[in-house]
Amino acid sequence: MNEQRPDIIQHRYDKMDKLREDGIEPFAYSYNQTHHSADIIGNFESLSESEEKVSVAGRLLSIRGHGKSAFAHILDRKGKIQIYVKKNVVGDEQYELFQLFDIGDFIGIEGTVFKTRTGEITVNAESLTMLAKSLYPLPEKWHGLADKEIRYRQRYLDLIANQEVVELFRKRTEIYKAIREFLDSHGFVEVETPILQPIYGGGFARPFLTHFNALDMDVYLRIADELYLKRLIVGGMERVYEFCKDFRNEGLDRSHNPEFSMVELYCAYWDYKDMMDFYEKMMENIAQKVNGSYEVEHEKGKINLKGPYKRIPMLDAIAEKTGVDFAGTDYEKARELAKEAGVDVENKRNWGQVVEEVFGEKVQPDLIQPTFITDFPADISPLARPHREKPGYSERFEIYIAGEELGNAFSELNDPVVQRQKFEELQTLRQKGDDEAPPLDEDFLHALEYGMPPTAGLGFGLDRMVMLLTNSHSIRDVIFFPMMRPEVSGEDPEE
RNA sequence: GCGCCAUUAGCUCAGCUGGUAGAGCAACUGACUCUUAAUCAGUGGGUCGAAGGUUCGAGCCCUUCAUGGCGCACCA
């Protein structure tokens, strides 16, 4: 099976065999790594002064040989550092060993620190250790790895070849941390709720369905955790949040991955206006911690995340932009107005859906600076409270930044009787063929019957948050392993 | 689902009007003890995404398929 290996790979197998023949294990069990690249560079003065021995370990990235000496770079988790291997320092035997090293190998180097004639801080190797042989060549050093398919499928290569990718994902982690710190410092408690749910809800989406053998029952992968977090509010926890992987059985494009991340948070005794204030503070805080600035250079323009953000009711935003006023219209009239405005609302099944479609077509793309769109139609907000002053509307907002929805929040509906009616309306939608309307959740309604305090809830997509703060064009660039079609591997046993 | 584009050496890419495939890096051999895209001399490396078709002859033209990218549609 191996006769057909390309030479470039066979040579590495040969070197591995040679190492074993020489009694050297090509895959070491451990190594005492005392320093990282950046630590050595940061502490150069004292390390070179003291002539202290340092041990670095990492992946060999490049070799520049000069006969009886060589320079090389290794990559560890804090960056790159140069090493210098000189025959009369390491000895003949170790220099022979060095000849069996390839770019891509994990190696360890012990030695002292010095600065070369050209000023680069370098570890002068005194002993070399093979830590793990690399049997397959890395992408080329100069042009790097550009093929997006390989970058997504083999993210490890992307991380080796493209350091800015490492930075981006580090930033993703910083964002998670900033959110956690902010919520924790405001008395929120991080919780976990079921991913496998007997009834899905909390959003509009088609779910993934799977089967639980032990109880012989079908279960759904959650599309949201909303209904479980609200049960915790019923239980008196007052302030809860969850970093939540959700699953939606929908298409793939540059802003949708079937598996994605959200944060949902719920706060008892707040309403949606309190939540707007909170969102502004949170966003400012994240931007400062992660980017050190309120300004984001985005492909759609410079965005200023400093609050307060503009707040405007959805119908006003539409009227302002298009001159079309949906106030006081019914379903039929709204459809007429939408068609006049050139928006296709053929498959929209109620008044709110029509209005929302016009908003999405005509207004949303231009909401570049942070904008709260408030007072959504009640018939597309089944889990939100009816507006206290405006019948037919709900106490709900969505925040738009760079033309994308970056959060959805409302004063939570806590009247179990009204909530039941809302669920029943959803069932009517389902019967009309809306396969995204969620089913009625009797267990959740029962929880509300015990009493839920007035509460505001907020959910926002983490992937989109990361895209915004890193100016990423595609969600695949901010998810380590985005969903991909399986690679075809020769024979196909199916069929 | 629709449209456009891409798929050639391990990687990044050329390849004209159809005439049996090329560069840089990587690899291999040799020289070289402060280089850093090291340098110099030499060598090897390909099922041109897959399958059909047209042709005396296909990397190139045609058809179908696969995968990916971008855009549109869908999508809270």
Side-chain angles (χ1 to χ4, degrees), chain A residues 4-12 14-15 61-73 80-90 95 99 102-104 114-120 122 124 134-154 157 160-161 202-206 223-224 226 246 248-258 262 344 347 352-353 356-357 359-360 364 373 376-377 380-384 396 398 400 404-408 435-438 459-461 464 473-474 476-477 482 484-490 492:
Chain A
Q4 315 240 320
R5 267 181 209 143
D7 284 356
I8 197 167
I9 291 159
Q10 186 57 47
H11 285 134
R12 289 166 179 251
D14 293 345
K15 285 183 185 175
L61 280 192
S62 60
I63 303 173
R64 294 172 294 283
H66 296 82
K68 296 187 180 63
S69 76
F71 288 92
H73 274 99
K80 295 177 196 175
I81 189 158
Q82 180 168 260
I83 61 168
Y84 186 44
V85 183
K86 199 150 62 161
K87 192 173 185 179
N88 65 1
V89 174
V90 298
Y95 206 73
Q99 303 311 308
D102 284 304
I103 288 168
F114 76 109
K115 205 178 257 186
T116 63
R117 191 193 291 159
T118 51
E120 179 158 355
T122 302
N124 190 22
S134 167
L135 295 171
Y136 207 93
L138 291 178
E140 176 241 338
K141 63 182 172 186
W142 186 241
H143 297 93
L145 180 67
D147 185 322
K148 285 204 175 184
E149 184 169 357
I150 299 178
R151 292 181 55 196
Y152 296 148
R153 286 192 198 276
Q154 297 176 269
L157 292 180
I160 296 163
F204 279 60
R206 287 156 64 196
I223 61 167
E226 170 157 359
D246 291 333
R248 297 189 179 181
N249 213 336
E250 292 166 351
L252 280 173
D253 66 27
R254 51 167 284 266
S255 60
H256 293 85
N257 196 62
M262 300 250 299
D344 175 21
N347 56 352
Q353 288 185 1
E356 187 187 35
E357 181 66 16
F359 169 80
Q364 177 181 338
I373 298 296
F376 276 54
I380 53 168
S381 310
L383 297 166
R396 171 178 174 189
E398 286 189 347
Y400 289 88
E404 298 282 347
E405 184 218 313
L406 262 283
N408 178 19
D435 56 3
E436 296 196 333
F460 56 94
R464 283 186 187 174
H473 182 70
S474 169
R476 296 187 192 92
D477 292 325
M484 302 285 274
R485 227 177 273 266
E487 274 179 299
V488 242
S489 60
D492 182 9

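Everything numeric here is computed off the predicted structure, so don't read it as measured data.
Note on A:Lys115: nothing from the nucleic acid sits closer than 4.0 angstrom, heavy atoms only. In this structure, A:His11 reaches the sugar-phosphate backbone alone: every heavy-atom distance under 4.0 Å involves primed, P, OP1 or OP2 atoms, never a base. Note on A:Asp147: only backbone sugar-phosphate atoms sit closer than 4.0 angstrom, heavy atoms only; bases stay farther off. Using a 4.0 Å heavy-atom cutoff across all strands shown, A:Gly65 reaches at least one base atom of the nucleic acid. Across all strands, A:Phe114 comes closer than 4.0 Å to base atoms (heavy-atom distances).
Side-chain atoms of A:Glu120 and base atoms of B:rU35 include no donor and acceptor less than 3.5 Å apart.
The shortest distance between side-chain heavy atoms of A:Leu406 and A:Phe460 does not fall below 4.5 Å. For the pair A:Gln82 and A:Thr116, the minimum side-chain heavy-atom distance is below 4.5 Å.
Remark: B:rC61 base-pairs with B:rG53. Criterion, Watson-Crick or G-U wobble with two distances under 3.5 Å. Of all nucleotides present, none satisfies the Watson-Crick or G-U wobble test against B:rA14 with each distance under 3.5 Å. In this entry B:rG45 has no Watson-Crick or G-U wobble partner, no candidate having both defining distances under 3.5 Å. Look at B:rC4: its Watson-Crick or wobble partner, with both distances under 3.5 angstrom, is B:rG69.
At least one side-chain nitrogen or oxygen of A:His473 sits closer than 4.0 Å to the OP1 or OP2 atom of B:rG71. In this model, the phosphate group of B:rC32 is not approached by any side-chain N or O of A:Lys86 to a distance below 4.0 Å at OP1 or OP2. Residue A:Arg254 has no polar side-chain atom (N or O) positioned under 4.0 Å from OP1 or OP2 of B:rC70. For the OP1/OP2 pair of B:rU35 and a distance below 4.0 Å, the side-chain nitrogens and oxygens of A:Arg117 include at least one atom meeting the criterion. Side-chain nitrogen and oxygen atoms of A:Arg64 include none within less than 4.0 Å of the OP1 or OP2 phosphate oxygen of B:rU39.
Between the C1' atoms of B:rA14 and B:rC34, the separation comes to 37 Å (whole Å).
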Polar atom pairs between nucleotides 74-76 of chain B and protein, under 3.5 Å, N or O only, would you list them?
{"from": "B:rC74", "atom 1": "N4", "to": "A:Asp253", "atom 2": "OD2", "distance (Å)": "3.2"}
{"from": "B:rC75", "atom 1": "O3'", "to": "A:Glu436", "atom 2": "OE1", "distance (Å)": "3.0"}
{"from": "B:rC75", "atom 1": "O3'", "to": "A:Glu436", "atom 2": "OE2", "distance (Å)": "3.4"}
{"from": "B:rC75", "atom 1": "O2'", "to": "A:Glu250", "atom 2": "OE1", "distance (Å)": "3.1"}
{"from": "B:rC75", "atom 1": "O2'", "to": "A:Glu250", "atom 2": "OE2", "distance (Å)": "3.3"}
{"from": "B:rC75", "atom 1": "O2", "to": "A:His256", "atom 2": "ND1", "distance (Å)": "3.4"}
{"from": "B:rC75", "atom 1": "O2", "to": "A:His256", "atom 2": "NE2", "distance (Å)": "2.6"}
{"from": "B:rA76", "atom 1": "OP1", "to": "A:Glu436", "atom 2": "OE1", "distance (Å)": "2.5"}
{"from": "B:rA76", "atom 1": "N6", "to": "A:Ile380", "atom 2": "O", "distance (Å)": "2.5"}
{"from": "B:rA76", "atom 1": "N1", "to": "A:Ile380", "atom 2": "O", "distance (Å)": "3.0"}
{"from": "B:rA76", "atom 1": "N1", "to": "A:Arg396", "atom 2": "NH1", "distance (Å)": "3.4"}
{"from": "B:rA76", "atom 1": "N1", "to": "A:Arg396", "atom 2": "NH2", "distance (Å)": "3.4"}
{"from": "B:rA76", "atom 1": "N3", "to": "A:Arg396", "atom 2": "NH2", "distance (Å)": "3.2"}

Between protein and nucleotides 5-7 of chain B, what N or O pairs are separated by less than 3.5 Å?
none

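Distance from the side chain of A:Tyr152 is smallest for B:rG69 among the nucleotides B:rG69, B:rC28, B:rG10. Checking B:rC70, B:rU35, B:rG10 against the side-chain heavy atoms of A:Phe71 singles out B:rU35 as nearest.
A perpendicular orientation is assigned to the rings of A:His66 and A:Phe71, their planes being inclined by more than 60° (bins at 30° and 60°).
Rounded to an integer number of Å, the gap from A:His73 NE2 to B:rU35 P is 13 Å. Rounded to a whole Å, the CD1 atom of A:Ile8 is 16 Å from the P atom of B:rG44.
Side chains of A:His256 and A:Asp253: a donor-acceptor N/O pair is present below 3.5 angstrom, by distance only.
Side-chain atoms of A:Arg396 do not come within 3.5 Å of backbone N or O of A:Asn408 as any donor-acceptor pair.
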